[in-house]
Amino acid sequence: MKKAISPELGREAMLALLKTRSPLGPLKAMAKHVGRFFQIPIPGFRPYVVFGPEAARKVLVTERNKLRWRNTDPVTDLLRRGVLVTDGDEHDHYRELMEIPFQPAQLSKYTDMMISQTERVASTWQNGQIVDMLVEGRKIALLIIMQTLFSKDAWNDIPKIWDPILKTIQYVSPGLWILWRKIPRLGYGKSLKTIDDYLYSIIDERRKEGRKANDFLQHLIDAGLNNDIIRDQMLTMLIAGHDTSTALLAWTFALLGEHPEILADVIKEVEQAEGKPQLLDNVIKESLRLYPPIHIGNRRVAEDIEFTEGTVPAGERMFYSIYLTHRDPEIWENAEDFCPERFSHGRKTPPMSYIPFGGGPRACIGAAFGQAEARIVIAYLLKNFTFEFTGHPIHAHMGATLEPRPGVRMQVKRTNQCATSDQ
Ligand code: HEM
């Protein structure tokens, strides 16, 4: 049974909104008082929210056929037939083609490129300069994803595509359109066209060259997809594959900056470790737990779906909350604390309670890639620079991803003067 929302809860939710400067505060208040199943009480916007392992298993695995990924949001307008916003056979066809470059066996071939793109960005930093790791992380993630997907060196294109990319991300971020779907979206057209023109020009160039690169773009061309469908998959991967990594890099630097003792241990580890650095890995996992870049999954309910606490009727919108699952005190000890140690002794939480990459057949295509990228980029930077957090307040902003705002300002100093791009 759905519980009624009391005036006290309304007040607490409002206070939480003011305190956290984000809808995450009220969501947490709702979760605390109402439980793992509730409806957001905003007139004109009443989606159901579910969280916890039972909900995740139903939504992602056992009852996913009752749900549609394709919604009526700007993200569908933007991505058109992209793999993220299609269902059924159409989705499965794209997904099969798109998975190939991201299979675990492929990942090691990206390591050197990830390091050299990181060094290129870092080489622009002055010693002692204060840089924003949200911005620098995005540059690194953009260069890496463009090179990986399209074998495209985007270094010289960054000034041209930077603002249009940010605008594109803003286009799909929560806004007034949630309450008024038909609200005129002024000021986006030019940026969206710049990105479209850019992607179509990459496709044209490749078709003209006839070059047989073994990359994502080539798989789509070889599969006989037309330019519009290829553009839809390219844009999907460009946004899904770099905005998430940007958030992960930035949050991890923010958390390390706020916990200098853990940062010191990670530096010691990356300087000594051969192979996979365990503490850094746990730090990245904990960063994804506390600040999952994709904090909710957005679904349209096609057939009634039942949970222990109630039923979401067909036709409704439903979110499964990764953020609330990751902070559920019934699952996680000291759920609000940054504690990488919790991942060091094997998993002690129930299955489907740690889901930063979703789960089931539509789990993230880039999960292994995204984690490897974060590990490689962060290890490289910590080996070659010191990072001192300037200590400013940071809050979680619900954009297309969960972002640390107003950024993560850190003072950087190069420690290894001999670093070169082929290290
Ligand atoms: C740290 C980085 C990343 C995080 C936290 C992340 C998170 C997620 C999550 C939670 C989902 C499932 C959403 C849902 O259930 O509605 C997802 C799906 C997806 N992700 Fe990622 N992602 C990351 C990196 C990447 C990268 C690097 C790529 C591409 C190279 C990528 C491409 C995709 C695609 C295409 C889907 C849709 C899959 C489908 O519907 O079949 N992601 N991601």
Item to check | Euclidean distance, Ile376 CD1 relative to Ile140 CD1, rounded to 0.5 Å | outcome: 12.5 Å
Next on the checklist: In the structure I gave you, are the side-chain heavy atoms of His242 and Ile144 within less than 4.5 Å of one another anywhere?
Outcome noted: no
Next on the checklist: Could you check whether atom CD of Glu258 has more than 12 heavy atoms from other residues, nucleotides or ligands sitting under 6.0 Å from it?
Outcome noted: yes
Item to check | Glu388, CD: over 12 other non-hydrogen atoms inside 6.0 angstrom | outcome: no
Next on the checklist: Under 6.0 Å between ring centres: does that hold for Phe253 and Phe387?
Outcome noted: yes
Checklist entry - Listed by chain and number, what are the ring pair (Phe, Tyr, Trp, His ring centres under 6.0 Å) partners of Phe389, not counting sequence neighbours? => result His392
Item to check | Contact summary for Leu107 and Phe102, nearest pair of heavy atoms | outcome: CD2-O, 4.2 Å
Checklist entry - Of Arg317, Arg299, Arg181, which meets salt bridge (Lys or Arg N to Asp or Glu O under 4.0 Å) against Asp73? => result Arg317
Next on the checklist: One pair to check against side chain to side chain contact (heavy atoms under 4.5 Å, CB included): Ile195 and Leu199. What are the steps and the verdict?
Outcome noted: CA-CA 6 Å; Ile195 296 299; Leu199 294 178; 4.2 Å; yes
Next on the checklist: Just so I know, are the side chains of Arg289 and Ile284 near enough to count as touching, which here means a heavy-atom distance under 4.5 Å?
Outcome noted: no
Next on the checklist: Counting C-beta onward and ignoring hydrogens, is there a side-chain heavy-atom pair between Met398 and Leu27 closer than 4.5 Å?
Outcome noted: yes
Checklist entry - Are any non-hydrogen side-chain atoms of Met318 and Leu67 less than 4.5 angstrom apart? => result yes
Item to check | Pair Gln233-Tyr94, side-chain donor/acceptor within less than 3.5 Å | outcome: no
Next on the checklist: Is there a side chain to side chain donor-acceptor pair (under 3.5 Å) between Asp215 and Ser151? Walk through the geometry before answering.
Outcome noted: CA-CA 7 Å; Asp215 63 9; Ser151 307; 2.7 Å; yes
Checklist entry - Do side-chain atoms of Arg68 reach the backbone of Val85 as a donor and acceptor pair under 3.5 angstrom? => result no
Checklist outcome for this item: d(Ile239 CD1, Thr244 OG1) to nearest 0.5 Å is 10.0 Å
Item to check | Full working for side chain to side chain donor-acceptor pair (under 3.5 Å) between Thr311 and Glu306 | outcome: CA-CA 4 Å; Thr311 300; Glu306 275 173 40; 4.7 Å; no
Next on the checklist: Quick check: do Thr325 and Arg36 have side-chain heavy atoms less than 4.5 Å from each other?
Outcome noted: no
Next on the checklist: Are Phe369 and Tyr110 an aromatic pair, judged by ring center distance below 6.0 Å?
Outcome noted: yes
Checklist entry - ring pair (Phe, Tyr, Trp, His ring centres under 6.0 Å) with Tyr198: which residues, sequence neighbours excluded? => result none
Next on the checklist: Before you tell me yes or no, could you show the steps for Asn298 and Tyr320 under side chain to side chain donor-acceptor pair (under 3.5 Å), namely the whole-Å CA-CA distance, both residues' side-chain angles and the distance that decides it to 0.1 Å?
Outcome noted: CA-CA 7 Å; Asn298 184 4; Tyr320 84 92; over 6 Å; no
Checklist entry - Given the rule in the side chain to side chain contact (heavy atoms under 4.5 Å, CB included) test, do Arg138 and Glu403 qualify, once you have shown the distances and angles that lead to the verdict? => result CA-CA 11 Å; Arg138 186 180 302 283; Glu403 267 187 10; 3.0 Å; yes
Checklist outcome for this item: Applied to residues 255-298, the ring pair (Phe, Tyr, Trp, His ring centres under 6.0 Å) test, sequence neighbours excluded, yields Trp251-Tyr291, His259-Phe338
Next on the checklist: If we count only N and O atoms by modelled type, under 3.5 Å, do the side chains of Arg362 and His91 hold a donor and an acceptor together?
Outcome noted: yes
